[in-house]
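These notes are about the structure you will find just below.
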Amino acid sequence: MSEITNYKYYVGGKFIQSTSGNLIEIICPYDQSIIGRVQAISKEEADVAIAATKAAQKDWADTDLFKRADLLNKWADQLEIDAEEIAQMIMREVGKTWNDAVKEVTRTAEFIRYTVQEFIHTNDAAMSGANYPGGSKNKFAIIKRIPLGTVLAISPFNYPVNLSVAKLAPALIAGNAVVFKPATQGAISAVKLIESFDKVGFPADILQLITGKGSDIGDYVSEHDGIDMISFTGGATTGRHLSSFSTMKPMVLELGGKDPAIVCEDADIDKTVAEIMSGAFSYSGQRCTAIKRVLVHATVADELSEKLKTAVEKLSVGMPIDNPIIVPLINEGAADYVQGLITDTIAAGAELLVGNKREDNLIYPTLFDHVTTDMRLAWEEPFGPVLPIIRVASDAEAIEIANASEYGLQASVFSQNFSRAVAIAEKIEAGSVQINGRTERGPDHFPFLGVKNSGMGVHGISRTIESMTREKLLIINV
Ligand code: G3H
């Protein structure tokens with residue numbers, strides 16, 4: 001039997017062991033083997049990591065932009081070199097298929113390169129006092145953007161590399177230091193990510209990787225005076241809790257969703273089915289942007305549900321290495337929750353079209369028709385492969401149900417009448433509405449945001465840079 005590795009955390013440009021002696025075992029979601037252990041660092045060690053960023057950040061911000069850019073571009077190149085090794089860990093640790101795991105790493109390299117270019121091409125702005133009534137034509141303001149200081153980046157399990165770098169790269173190119181706290185399941189992938197970072201030759205202490213249970217050090221570091229900004233992606237409950245620490249501290253939160261697909265009677269049903277299938281079931285629905293409910297006009301509901309049923313029956317199910325669509329969920333608790341929702345929906349009287357089958361953490365794709373708004377599945381986010389069809393009588397009813405959710409991340413509208421689709425989209429309370437396409441975050445330079453319990457602030461390359469910098473005015477009096 002091969003030995004189990006104890007992965008170290010990363011501070012001062014070195015991988016080190018915690019003196020706490022506490023380790024957290026990381027279990028593979030699909031074969032239940034122990035993948036490795038990560039350090040559960042102490043609060044004192046978090047203090048040291050945060051304190052060390054302070055001097056390092058000032059030097060980093062003073063470093064020539066093209067030197068910073070060069071290091072980040074080298075990291076992107078290194079990620080491509082290390083892609084298979086990192087993807088191997090993503091697959092083992094979060095149960096993502098091999099193809100998706102590799103894609104996650106290459107998408108991340110592209111993300112870094114675009115981020116560098118975006119920042120290089122963002123110039124300072126200028127204003128003249130003459131443009132305000134009674135203002136002085138002798139006053140000129142140069143409006144610079146300067147880094148905030150030390151950014152706390154907290155990333156989720158489902159994109160342990162991409163959603164981490166979506167915070168790290170904008171923070172670093174803008175001259176911030178980063179304290180990076182990945183989700184515990186996903187923390188070894190984060191170690192792998194930082195191993196590739198370490199090979200490039202960045203200065204010490206501008207990026208610290210700290211690991212440990214959120215319940216032990218999460219609040220501590222979030223409240224910490226040494227943290228100047230928090231960027232979090234994860235569940236709505238944790239996000240809400242974190243928002244209580246946002247007093248005088250900027251924060252961007254990207255949380256859950258219950259993204260609706262609204263299907264009008266004039267939709268291209270075959271295209272709609274293809275988009276819904278990919279939107280709802282990729283990575284077993286473990287995406288904040290997954291389609292999590294279908295609101296279909298009653299006149300086309302039979303046709304849509306029949307076609308969706310056929311498509312769900314054909315979905316490949318299996319282990320990540322074989323690249324199926326449906327893979328085991330992240331852990332037993334997640335599978336229990338999704339199974340509970342399925343059982344509850346059957347008891348509530350919805351029509352089960354396919355599914356309701358479970359093997360350990362593997363939940364087979366499940367489709368319900370005739371789900372009504374008094375059922376939990378109409379409102380709760382499963383983060384699993386279960387999709388409810390809710391029949392509606394009008395666009396107005398679809399909009400009303402879409403907006404009654406506590407969430408507002410994205411939505412899709414399917415109609416061949418563009419004006420009608422736009423009219424619906426304009427009434428939907430969500431960060432983005434996709435017309436005739438599945439809900440998704442990319443391309444990664446688009447602004448990405450949620451309203452209500454889906455988030456606060458905006459992600460997406462240029463917007464993330466904005467959120468991690470502030471304006472500073474230099475006013476010239478001539
Ligand atoms: O889980 C939340 C992610 O931001 C979703 O990203 O739409 O690229 O899968 P995606």
Side-chain angles (χ1 to χ4, degrees), residues 29 87 90-91 93-97 99-112 114-115 153-170 182-183 185-186 189-190 231-239 252-261 275-292 320 325-327 329-331 334 338 381-385 387 407-412 430-434 437-461 463-464 467:
I90 295 176
M91 182 180 78
E93 192 177 21
V94 305
K96 189 167 279 191
T97 64
N99 287 348
D100 283 351
V102 174
K103 217 184 299 160
E104 177 167 342
V105 184
T106 50
R107 173 181 181 179
T108 302
E110 284 160 12
F111 187 101
I112 295 174
Y114 191 101
T115 302
I154 311 178
S155 58
F157 81 82
N158 62 346
Y159 286 86
V161 166
N162 184 265
L163 281 174
S164 300
V165 170
K167 303 172 190 310
L168 308 185
Q185 191 86 29
S189 304
S231 177
F232 170 82
T233 301
T237 310
T238 312
V252 174
L253 304 173
E254 196 251 292
L255 311 174
K258 185 74 179 171
D259 294 359
E275 294 290 328
I276 290 177
M277 290 301 296
S278 150
F281 292 105
S282 303
Y283 189 31
S284 290
Q286 297 176 108
R287 297 167 52 243
C288 55
T289 48
I291 289 176
K292 291 173 183 140
I325 302 296
I326 302 297
V327 288
L329 296 184
I330 190 69
N331 56 37
V338 176
E381 180 187 31
F383 231 65
L387 184 66
Y407 296 109
L409 189 57
Q410 292 205 349
S412 292
S432 327
V433 183
Q434 308 261 358
R438 70 168 204 163
T439 46
E440 62 186 0
R441 172 169 48 114
D444 291 343
H445 68 313
F446 281 7
F448 178 57
L449 69 155
V451 300
K452 300 190 275 186
N453 277 347
S454 289
M456 189 167 91
V458 189
H459 282 90
I461 293 174
R463 305 306 195 272
T464 304
S467 73

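In listed order, ligands and their atoms are each counted from 1. The basis for the numbers below is simple: all heavy atoms, side chains too, and nothing from hydrogens, waters or symmetry mates.
Of all the heavy atoms of Q286, none lies under 4.0 Å from any atom of ligand 1, so neither backbone nor side chain is involved. Contacts of T233 with ligand 1, taken as heavy-atom pairs under 4.0 Å, are absent altogether. Contact annotation for Y159 and ligand 1: only side-chain heavy atoms (C-beta onward) come within less than 4.0 Å of the ligand.
Atom 6 (O) of ligand 1 has its closest protein heavy atom at R441 NE, 3.0 Å. Nearest protein neighbour of atom 2 (C) of ligand 1, counting heavy atoms only, is C288 SG, 2.0 Å. In terms of protein heavy-atom proximity, atom 5 (C) of ligand 1 is closest to T289 OG1, 3.3 Å.
Not a single N or O atom of F448, backbone or side chain, sits closer than 3.5 Å to an N or O atom of ligand 1.
The shortest heavy-atom contact between G408 and S454 is N-OG, 2.9 Å.
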Criterion side-chain contact (heavy atoms from CB on, under 4.5 Å) on M91 and K96, from CA distance to verdict: CA-CA 5 Å; M91 182 180 78; K96 189 167 279 191; 5.6 Å; no

Chi angles and distances behind the side-chain contact (heavy atoms from CB on, under 4.5 Å) call for V458, F448: CA-CA 6 Å; V458 189; F448 178 57; 5.8 Å; no

Side chain to side chain donor-acceptor pair (under 3.5 Å) between S189 and E93, worked out: CA-CA 7 Å; S189 304; E93 192 177 21; 2.7 Å; yes

Stepwise side-chain contact (heavy atoms from CB on, under 4.5 Å) test for H459 and K167: CA-CA 9 Å; H459 282 90; K167 303 172 190 310; 3.3 Å; yes

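Between the side chains of Q410 and T289, no donor N or O sits under 3.5 Å from an acceptor N or O.
Under the side-chain hydrogen bond (donor to acceptor under 3.5 Å, both in side chains) test applied with N162, the options R441, K103, E104 reduce to a single match, R441.
For ligand 1, the atoms sitting less than 4.0 Å from at least one non-hydrogen atom of R107 are 8 (O), numbered in the order shown with element in parentheses. Atoms of ligand 1 lying under 4.0 Å from at least one heavy atom of E254, given by number and element, are 4 (O). Interface of E440 with ligand 1, defined as ligand atoms under 4.0 Å from a residue heavy atom, comprises 7 (O).
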